[in-house]
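Chain letters run A, B, ... following the sequence lines, proteins first, then strands; residues in each count from 1. Because the structure is a prediction, the values reported are computed rather than measured.
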There are 2 protein chains.
Amino acid sequence: MQMDELTGAPSVLARGWATDQAADRLREMILDGALVPGSRISERMLQERFGFSRTPLREALKVLCGEGLVMIEPNRGAIVTRLSLGELEAAFELLAVLDGAAGEMACRRAGDTQIEAIAALHHDMVDCYRARDLQGYFGLNKAIHLALVDAAGNPSLARIYRLESARVDRYRFAGNRASANWARSIRQHEQILDALRARQGSLLRECLVAHRASGLRLAREQYEREARSLNPVP
Amino acid sequence: MQMDELTGAPSVLARGWATDQAADRLREMILDGALVPGSRISERMLQERFGFSRTPLREALKVLCGEGLVMIEPNRGAIVTRLSLGELEAAFELLAVLDGAAGEMACRRAGDTQIEAIAALHHDMVDCYRARDLQGYFGLNKAIHLALVDAAGNPSLARIYRLESARVDRYRFAGNRASANWARSIRQHEQILDALRARQGSLLRECLVAHRASGLRLAREQYEREARSLNPVP
DNA sequence: TACCTGAGGGTTGCATGCAATCTGATGACT
DNA sequence: AGTCATCAGATTGCATGCAACCCTCAGGTA
């Protein structure tokens, strides 16, 4: 599957096979929120929207099903996976474990070049923060965490991390960032970078776990905001 | 996907949709070693072997590709994923992280009933050990680890753990068990059960990580034995 | 000999067609 | 009114057909 080098997001320029293109575009639509969790994805709709025949579309749905982004109900078609609040929390709990482990591995194994590349991403992200460029910030934030996981030098970890991240990105990178939260996130990232540069594995683990806990709080707010807007309170 | 309740292995009785049946049978063939890593899986071969048309077979291959069991090369078809030694070690490193985290969560969250169910599996496994029933031992061993992960009460963790386990089961549960190794594994399992019953999370984590390290040693031996038999030394 | 070329067979990627199943809406019956 | 049966339309699951692509291996050329 072709991925954008910087953000790990599906590449918009995909000009490969129909199945891959369809999977990429579908993934993008789900992550962007163009397809709301719980909504049906009919093959006819995809056919009209993408222009491919049903065969590659069905294969793409199987792929996304494996990624946990859609659920396929036999004889009834696919629906965008709708996480319960408990599942959202479980995903963040797992990501905290993976972040922490990746941090420790990265402190042991990352090359100086890799660490400085992460620092460069960090500085770009701070620039976006200063410019109040929310989209740029989200993209670089994601890129930093992926780079850190890659720096751990464990391909299984990298693969699993991407899989699980994608399931909750919708809630991580949505809505506005209140000023206080945004500033705190930047501070946490600075601590993370410091710990990485000092190669203090257990400190880095703590920073990352705390950072992920903050992330869960924001995601939970986003989740509940969305739930309210879908199911107005009586 | 239908799974056997006890072992988490694909159910042989699958009488569902052709795609699922094909995926289950293919997964089984890969895990059993009937399909050797690195070998091509041509759609025609599957067609003759399973009797389905190419459409569900292609969908099944996409599913297994998402699980990391096969790799699909554009316009060239699928091959059974062949792990390098480094990838095998990376998978075990990740599984150690997941085992450890699952152990701590299980100590906090598992119900007494769940723990006793694991104890029952353990005793069955010891019976298999005494009877030198290697297949029964492998199945129950796997079932115990899955039950422990389920007892952690984190669906994301459970899902990811199954995914990653499947990629290395071929090396975990193959070959004979030399007597000393087998006895040590049983001892480790007893310590694991004790720590779980006492709900000593950090102790359980240590036991599981050590157990996984032993598992890696055995898997590495199996890996190298296989590599030698495929590539006789010059 | 070494290298390029290009035709043949076989395989994959995708489109289309048909049967089985689901939806949901209408109408009959208690 | 409420429940159940039934039937038309729409959708999915799978089989099949065709074009594009890859690999192989003669045959020719330097």
Distance test, side-chain N/O of R76(B) to OP1/OP2 of dC22(D), below 4.0 Å: no
Pairing residues for R220(A) by the salt bridge (Lys or Arg N to Asp or Glu O under 4.0 Å) criterion, not counting sequence neighbours: E89(A)
Residues forming a salt bridge (Lys or Arg N to Asp or Glu O under 4.0 Å) with E48(A), sequence neighbours excluded: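 Here no residue qualifies.
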With [X], which residues qualify under side-chain hydrogen bond (donor to acceptor under 3.5 Å, both in side chains), at least two apart?
X: S39(A); value: none
X: E93(B); value: R109(A), N154(A)
X: N181(B); value: R184(B)

Q47(A) and R44(A) side chains, donor-acceptor separation under 3.5 Å: no
Roughly how many Å is it from [atom1] in [X] to [atom2] in [N], rounded to a whole number?
X: I41(A); N: dT11(D); atom1: CD1; atom2: C1'; result: 15 Å
X: E43(B); N: dG13(C); atom1: CD; atom2: P; result: 6 Å
X: R44(A); N: dC22(C); atom1: CZ; atom2: P; result: 19 Å
X: E73(A); N: dT21(C); atom1: CD; atom2: P; result: 17 Å
X: M45(A); N: dA10(D); atom1: CE; atom2: C1'; result: 15 Å

Base-contact (B) and sugar-phosphate-only (S) positions in nucleotides 14-20 of chain C, heavy-atom cut-off under 4.0 Å, - elsewhere: SBBB---
